[in-house]
Every structure is written in structure tokens, then in C-alpha cells.
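Sequence lines set the chain letters: A, B, ... in the order given, protein chains first and strands last, and positions in each chain run from 1. What you see is a predicted model, and the numbers here were worked out from it, not measured in a lab.
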Amino acid sequence: MTLKIATWNVNSIRTRLSHVTTWLQENPVDVLCLQETKVIDQDFPRSSLEDLGYHLEIFGQKSYNGVAILSRTPLQSVSLGFAPIVGATLAEDFDDQKRVITGIYAGIRIVNLYVPNGSAMGSEKYEYKLRWFKVLYEYLKILQHSPVLPASPSILICGDFNIALEDIDIHDPTGREKQVMATDAERLALRSILDLGFQDAFRKFTLEGGHFSWWDYRAAAFRRNLGWRIDHHYLTPDLYEQAIACTIDKAPRSLEQPSDHTPVIVELEVKL
DNA sequence: ATGGCAGTTCCTAACTGA
């Protein structure tokens with residue numbers, strides 16, 4: 001059985017609703033992870049997506065951030081934010097920003113993340129991003145090893161990471177040492193996560209640069225392919241072995257009034 | 001060094017994003 005799981009930062013689900021429904025009709029994935037929904041839960045446009053046959057789990061807030069998971073069958077063991085997993089002390093105030101949602105689909109623990117942007121190197125938001133990663137690290141360690149959570153050694157982390165891990169993930173890495181999304185500290189923070197035992201699904205199939213998932217709205221960046229690859233699928237070894245494709249669908253970025261990100265899809269060949 | 005574009009709200013200005 002082939003499972004298709006996609007991630008897409010839609011930059012407002014209400015503004016992008018027609019793009020998402022059209023895309024799902026043409027790309028009936030099993031699971032779609034959304035970021036930057038930018039809407040409180042009571043105003044989330046549920047019915048338009050449920051009418052397409054999807055179950056929804058949402059974790060939103062007003063104006064900013066917000067994550068959601070759409071799935072063909074209901075998720076199990078759903079958890080919103082850091083606190084239910086790591087506890088209130090470690091979570092501090094990090095759940096004030098709705099950036100983390102997880103659930104189990106077909107035995108796979110799916111973790112959908114909207115990583116903080118970081119604004120600029122050295123800024124308060126940049127420090128927040130790095131501290132956020134420390135909490136994420138503890139969160140994932142618990143998901144991997146908790147004796148109380150449902151057994152799920154298979155974990156897929158996806159979402160908008162706001163980090164380009166390698167220079168080939170940036171159209172022009174000149175000066176990247178001081179550029180947010182590419183600084184050494186951010187890359188090290190992401191590496192520490194991967195060192196828990198995750199591999200980049202996209203790089204199983206594509207080794208060269210020039211493949212991006214986000215293009216700035218300004219300066220005709222998309223037309224000139226001046227992009228960054230910052231939306232990722234990271235897999236535990238068993239899932240990495242089962243991955244048969246990982247693709248970036250640039251089509252939605254070409255539409256009128258697009259999100260600045262475009263979907264990334266991973267296909268897994270799993271045993272029933 | 002800056003802005004460039006887009007979405008949101010305390011909505012025609014200010015913020016956040018990346």
C-alpha cells in the first residue's frame with residue numbers, strides 16, 4: 001500500500017482555501033499537514049475540507065501561526081503543542097504560539113511543525129527560535145521513547161522548518177552565515193534533531209541543488225527561481241527505507257494569489 | 001543598507017513573515 005503525506009505552508013487557510021481544495025482534488029493525498037493557517041479554531045473552514053473526505057485536527061490562533069492535519073481516516077493519539085508531552089515546566093510559554101500538532105496515522109506518528117522564523121540573526125525572535133528547538137528536542141525524545149504513549153517507533157516529522165540545512169538548498173548562499181534560516185546556530189539546532197535518528201526524505205532521491213519549496217513574494221523571486229528549500233519531511237530509518245518518492249509540486253506557486261510556499265509530498269510503500 | 005510583497009488586525013498603519 002502506498003501512503004502519500006504532504007506538507008504545505010498555506011499562509012492563511014481562509015485566503016488559500018480554493019487552492020487547497022483544488023489541489024486535494026487533483027492530489028488526493030492520505031495526509032496533508034498545513035502551517036500558517038492564521039485562524040482561530042472556531043473560524044477554521046472545516047466543512048470545505050471535510051466535504052472532500054478528510055478528517056481535521058487543528059491548533060490555531062488569531063492572525064499568526066496555526067497548524068492543522070487533514071487525514072483520510074481519523075488520527076489516533078492527537079496532541080496539541082509541547083506541554084502535553086514535555087510538561088508545563090519545559091514548555092514554558094512556547095504553546096502561546098500554535099506551532100506543533102501530532103497524531104498517529106496508519107501506525108505512523110506524524111509530527112507537523114511550524115518552526116519560528118527567527119526574524120534576524122541576534123534578534124529576540126532569533127533567540128526564541130533556538131530555545132524553541134531545545135524544547136522540540138525534548139519533545140521528540142519523549143515521542144521516541146515514552147512508555148506511556150502508544151507504541152509508534154515510526155515517526156515522520158514534516159512542516160515549515162524555516163531552515164535551509166545545506167548551501168545547495170539556497171539559490172544564492174552568499175553571506176548565509178548572517179542570514180536567518182541559514183546561520184550555523186540554526187543548522188546545528190536542526191542537526192541535533194536529525195541526530196535523534198531522522199533522515200531527509202527529499203535527499204534520498206535528489207542530490208543536486210536548485211530545488212526549492214519557498215520563494216519570496218518580492219522581486220519576482222519565483223519566476224527567477226530564487227528560492228529556498230525550507231519545508232521538509234524527516235523520517236525514522238524504517239520509514240526512510242519505505243520512501244519511494246519525495247517531490248515538490250511547484251504548480252500551486254504559479255497560481256494567482258499563491259502562498260509563498262508550495263507543497264512537498266512524500267510517498268511511502270508500507271506493509272498492511 | 002534597504003526595499004521589494006502579502007496577510008492580518010486594534011483595518012488605510014503597524015505588525016509579522018522569510
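- Atom P of B:dC5 sits at a distance of 25 Å from the matching atom of B:dC11, rounded to the whole Å.
- Put simply, A:L136 and A:L196 are part of the same group of oily side chains (I, L, V, M, F, W, Y) that touch within less than 4.5 Å, one to the next.
- Listed nucleotides: B:dC5, B:dT8, B:dA18. Nearest to the side chain of A:Y217: B:dC5.
- Heavy-atom minimum distance, A:Q35 versus A:N112: NE2-OD1, 2.8 Å.
- At B:dT8, one or more side-chain N or O atoms of A:T15 fall inside 4.0 Å of OP1 or OP2 (strictly under the cut-off).
- Considering only side-chain atoms of A:Q257, the nucleotide from B:dG7, B:dG4, B:dT9 that sits closest is B:dG7.
- Taking the six-membered ring where tryptophan is involved, the planes of A:Y234 and A:F161 are perpendicular, since the angle between them exceeds 60° and thus also 30°.
- Closest approach to the A:S63 side chain among B:dG7, B:dT8, B:dG17 is made by B:dT8 (side chain taken as heavy atoms from C-beta onward).
- Here A:E36 lies in heavy-atom contact (under 4.0 Å) with sugar-phosphate atoms only.
- Ring geometry for A:F94 against A:Y128 counts as tilted: the plane angle lies between 30° and 60°, on a 0 to 90° scale.
- Residue A:N162 is in sugar-phosphate contact alone, with no base atom involved, counting any heavy-atom pair closer than 4.0 Å across all strands shown.
- Residue contacts shown for A:N65 are absent, as no nucleic acid heavy atom lies under 4.0 Å away.
- Rounded to the nearest Å, the gap between the P atom of B:dA14 and that of B:dA1 is 25 Å.
- Distances were taken from every side-chain heavy atom of A:N9 (C-beta onward) to each of B:dG17, B:dT8, B:dA18; the shortest belongs to B:dA18.
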Inset, instruction - Give the C-alpha distance, both sets of side-chain angles, the deciding distance and a yes or no for side chain to side chain donor-acceptor pair (under 3.5 Å) between A:W214 and A:D160. - result: CA-CA 9 Å; A:W214 171 82; A:D160 174 2; over 6 Å; no
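- Counting to the nearest Å, the P atom of B:dA6 and the NE2 atom of A:H19 are 12 Å from each other.
- Across the P atoms, B:dA6 and B:dC10 are found 23 Å apart, a figure rounded to whole Å.
- Look at the P atom in both B:dG4 and B:dT9: the space between them is 23 Å, to the nearest Å.
- The side chain of A:K62 has B:dT9 as its nearest neighbour among B:dA18, B:dT9, B:dG7.
- Each of A:R14 and A:W228 was assigned the nucleotide of DNA chain B with the nearest heavy atom; the assignment lying further toward the 5' end belongs to A:R14.
- Spacing between B:dA18 and B:dT2 at atom C1', rounded to whole Å, works out to 16 Å.
- Using a 4.0 Å cut-off, some side-chain N or O of A:R16 falls inside it from OP1 or OP2 of B:dG7.
- Across all strands shown, A:Y114 has heavy atoms under 4.0 Å from sugar-phosphate atoms exclusively, and none from any base.
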